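Take a look at the structure set out below.
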Amino acid sequence: MAAPAVVFVSPAPLPRPSTVTEHRRATLRGLDSCRSMPELRQYHSRLIRLGLSEDNDSVGRLIKFLALHPSGDLPYALHLLGLLPRPDPFVFNTLLCALPSPAESLLLYSDMLLRSAPNSFTFPSLLKPISAGRDIDAGRQVHAHVLKLGFHPDVFSQNNLIRFYFSCGLAVDARRVFDTMARTDVVSWTTMISGLSKLGSVDEARELFDGMPERNSVSWNAMIAGYVQCGRFKNAFELFDRMRTEGIELDKFVAASMLAACSRMGALEQGEWIHGHIERMGIELDPKLGTTIIDMYCKCGCLDEAFKVFRGLSCRGLSSWNCMIGGLAMHGHGKEAVKLFDEMMKEGVIPDDITLLNVLSACAHAGLVSEGRRYFNYMVGEFRIEPKMEHFGCMVDLLGRAGLLDEAKQVIQEMPMDADAGVLGALLGACKIHGNVDLGEEIGRRVIELDPLNSGRYVLLANLFASVGRWDDAAQVRRLMNDRGVNKEPGCSTIEMGGVVSEFIAGGKSHPQAREIYAMVDEMLERIKSEGYAPDTRGVLHDMDEEEKENPLYYHSEKLAIAFGLLNTRTGDTIRITKNLRVCRDCHAASKLVSKVFDREIIVRDRNRFHRFKGGECSCRDYW
DNA sequence: TTAGGGTTAG
């Protein structure tokens, strides 16, 4: 128990009884707006002098501050509770939701049953830490008490039970609570929608959404965010349009959800529109919303705009810095990312593990090997951040990409935990880049066993064999993949034009302009041949199945998207493409030449990073 | 007192 944090300011005489009530009122008002511990101590001493140490209203307010304020003192709050002869439910409820663990909350609740009595605020408070701690047993006990003590008609308690069951992944139990409620409100429905979406049952969520008796912007956003979280952007956009048709005002939460959709899709025009709308409506940019906008611009390839928003934010969160550093990393601007990190440190912002991950990633993408090593060492030595799996993965990528395969391997051997498929995958990728088939084979087989459902792992190993003409081994890996029922993820590129996102699958012909697009690809290839283009088939398997034989290199999805872009934009316009896989060598070489021959800037976001093709060069300087 | 938004290596 912490020492009583009481400061006796001055031994003032006790006021006359007639004025105690006034003093009490003034003190209660003051406590409600109390902002710091020193201020609280002043009020506490005044309460003692007024003889109010056992007054629930007064001490309850002290406890509320001590329990909930960031600079509070929870042990002391509990101490004060112990001193109250007849604590009321309010005091208990305040502490119930502030305790850090379900076990402690439950213990306090049993104390409450002896010294006070639950009211309708008790169960929501109690379920908060239990949901956060995902303690199924504790939650079920509370559920039993809700029923036993007759609180089942209370909507707040029931809504919190729904939330509790979802937080533990128990959708059936959540649904049972919802279905048996005597009365539901918009929060009950929205909690169901949000909970179902988070567990992946977004269609069931939609059924509920369509059947809701009333909706508010929170409900709309829960459904829209549900679609965004599971990658169903088209549904998200459709619902967003419907929401606007129905005259529901776009608030900052819906804006943030839609911006996240734009980020994931690379839909710059839509993202710009929402950003403009936020400004037009005068919606305040809090650090979260600001970060979402920065992320949208970074992921849509507009670093300058991202920086403008970043610099303009009156209040930056750590995430804003992380996001901007990560954005620079993704675009291969390693030195700028490191510079921004230094600026952040100068401003006294304490980095976290994500900051360091982004800094290391920036070094990896830009080939800044010694800087990367230095920051990795700083991480432990200076910042006291324990490196996680991801940081080791990043180091392996940094070293491996630079050709330091032995050192990368050493990092894996010396890691305090067993390397996962991601870390080994980084080394496998490096083996592919540097043509180290022996090490690649050893690592590749381990990666496949660790991550047997990921088609990319098989393809990488098979391509590694194919690149040195080991066709039988390549075919064997490919067969293994097929035997296990793993399908290769088809290459897919999207391009946004006039707010409409068009999608191209490698070799696909379903687009209405397909004929023109294919003709344009042929023209493109013909024209770049004169600049020295020769198809690079090193990345192509020769044991492809029938479907893929029809989809050769020439019609990879990004080539189709570029052709579509050339056909449908004006001379000089930048063509922006988002791809689901990594750009292959051949498309990379072709894109560089197309940017030169057609005098176009082409920005491609692939699975890992951005490539900005201009004048025959790529921003990655072929280091990717 | 309950429901909605942000950053994360390859």
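Please read these numbers as outputs of a predicted model, since none were measured by experiment. Throughout, protein chains are lettered first and strands after them, A, B, ... in sequence-line order, and every chain is numbered starting at 1.
Residue Leu127(A) contributes atom CG, which lies 11 Å from atom C1' of dT1(B) at whole-angstrom precision. Going from atom CG of Leu328(A) over to atom P of dA9(B) covers 14 Å, rounded to whole Å.
Side chains of Phe90(A) and Asn119(A) form no contact here, defined as non-hydrogen atoms less than 4.5 Å apart.
Stacking of Arg176(A) on the aromatic ring of Phe178(A) is not recorded, the 6.0 Å distance cut-off and the 45° axial limit not both being met.
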task: If a protein heavy atom is under 4.0 Å from the base, mark B; if only from the sugar-phosphate, S; if neither, -; do that for nucleotides 2-8 of chain B going 5' to 3'.
output: BBBBBBB
message: Could you walk me through whether Arg175(A) and Glu204(A) satisfy the salt bridge (Lys or Arg N to Asp or Glu O under 4.0 Å) test, starting with their C-alpha distance in whole Å, then the side-chain angles of each, then the deciding distance to 0.1 Å, before giving a yes or no?
response: CA-CA 11 Å; Arg175(A) 179 91 210 205; Glu204(A) 193 183 339; 3.3 Å; yes
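Not counting sequence neighbours, Arg134(A) has no partner by the salt bridge (charged side-chain N to carboxylate O under 4.0 Å, His left out) test.
Aromatic pair Phe310(A)/Trp321(A): centroids less than 6.0 angstrom apart.
No engagement by Arg316(A) is indicated, since no non-hydrogen atom pair under 4.0 Å with the nucleic acid exists. If you check every strand for non-hydrogen atoms under 4.0 Å, Ser157(A) touches nothing.
Side chains of Thr291(A) and Ser319(A): no donor on one and acceptor on the other come within 3.5 Å.
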